[in-house]
Amino acid sequence: MKIKAALVYEKGQPFVIEELELDEPKEGEILVKVVACGVCHTDEGAQFQAIPVPLPAVLGHEGAGIVEKIGPGVTEFKVGDRVGFSFSSCGKCEECLDGHPYACKDFNTINFGGIMPDGTTRLHKDGKDIATFFGQGAFATHAVVHTRQAVKVPYDDIDLGVVAPFGCGIQTGAGAVFHTLNPKFDSSIAVFGCGTVGMSAIMAARIAGCKNIIAVGGNPKSLKLALELGATHTINRKECDDIVAEIKEITKGGCHYAIDTSGVSDFVKKALACVRFKGTAVVLGLTGDLTINVQEELMGEAKSLVGVVEGDANSKTFIPKLLEYYHEGKFPVDRLIKFYDFKDINTAFEESHQGVAIKSVLKMQ
Ligand SMILES: [Zn+2]
Ligand SMILES: [Zn+2]
């Protein structure tokens with residue numbers, strides 16, 4: 001069928017919306033009319049080729065929409081179901097079978113290799129294959145996705161525009177808290193970075209019962225929102241000379257947990273430094289080289305430094321749980337979102353950079 005999709009033709013080029021051909025869903029796949037798709041830094045990673053996705057490609061990996069057609073063998077979904085998309089996985093390797101699809105042995109190939117799990121693509125233009133992203137390519141009016149990465153929305157009254165970002169940034173931040181840290185009641189946590197991932201971690205830490213939740217960021221407007229979403233303290237990194245000392249002061253010796261969402265090596269170091277003896281620091285940002293003195297900064301104080309992607313989440317079970325919290329008003333992610341028309345996709349990316357919106361979400365139809 002003919003669809004409209006946002007294409008990136010060459011490294012660093014803006015998105016152009018054009019007509020493409022989308023194949024029918026194959027075995028285990030569904031065709032979804034995309035209603036909304038979140039805009040994420042990872043899309044830019046592909047656009048600027050820090051993640052070498054083959055180009056031209058249709059990016060977009062936080063889609064949500066309505067099932068329009070089911071492929072052969074699909075029993076889990078029916079036409080009309082409201083679904084959100086998450087990352088792709090093979091469903092067969094040890095980690096997938098063990099309930100940790102984010103650690104799938106084929107994760108990079110099927111999420112960043114431009115292909116579906118069966119090694120082919122559903123997108124074409126002028127007879128040529130077009131790469132997909134995260135098995136979705138959801139910057140489009142329609143997408144074919146595998147049922148493994150589709151999640152049924154448990155409520156009819158949740159805007160699919162709010163559902164969209166649960167598939168990546170939101171589950172990454174919340175999952176790091178609930179799965180990787182599983183914080184103890186009355187504990188303290190510091191969160192570096194107040195974007196979607198950081199804010200989701202802050203909201204999750206409040207649900208988990210953390211006593212001190214310290215948001216570290218550089219934008220006063222975001223820090224104010226962090227307080228409303230659950231942070232008990234904020235530190236403006238631009239105004240604070242010694243962030244680690246400030247956190248140690250607030251927590252009387254250091255927090256139990258810290259999460260870095262910035263991907264800046266210096267903040268990862270600070271996250272590790274601000275946790276107390278036996279504390280854990282989690283890395284969620286795309287961080288490059290980092291030098292630490294293992295004896296002094298890690299082993300000597302029995303600390304852990306852990307990396308995790310997609311919040312170690314099994315989206316099928318985790319996203320519905322988070323949507324329940326959202327529905328109950330305990331996880332108000334809508335406070336982060338600004339909507340844009342699909343045609344304004346380049347503006348949506350620009351404005352996320354300028355901090356106009358914490359989470360930009362495109363509405364397709
Ligand atoms: Zn797998
Ligand atoms: Zn993402």
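Atoms within each ligand, like the ligands themselves, are counted from 1 in listed order.
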*Between CG of Asp312 and CD of Glu95, what distance do you get to the nearest 0.5 Å?*
8.5 Å
*Roughly how far, to the nearest 0.5 Å, is the CD1 atom of Ile70 from the NZ atom of Lys78?*
10.0 Å
*Check the side chains of His353 and Glu44 for a donor-acceptor pair under 3.5 angstrom, ignoring hydrogens and angles.*
yes
*Without hydrogens or angle criteria, can the side chains of Gln171 and Ser86 be said to hold a donor-acceptor pair below 3.5 Å?*
yes
*Which residues and atoms, counting only protein N, O or S, are under 2.8 Å from the Zn ion (ligand 1)?*
Cys90 SG, Cys93 SG, Cys96 SG, Cys104 SG
*How are the rings of Phe15 and Phe349 set relative to one another: parallel (under 30°), tilted (30 to 60°) or perpendicular (over 60°)?*
parallel
*Could you check whether the rings of Tyr326 and Phe166 sit parallel, tilted or perpendicular, using 30° and 60° as the cut-offs?*
perpendicular
*Near the Zn ion (ligand 2), meaning under 2.8 Å, how many protein N/O/S atoms are there?*
3
Looking at [Y], is its backbone amide N or carbonyl O close enough to the side chain of [X] to form a donor-acceptor pair, meaning the two atoms are under 3.5 Å apart?
X	Y	value
Arg276	Thr251	yes
Gln136	Gly63	yes
Lys152	Asp81	no

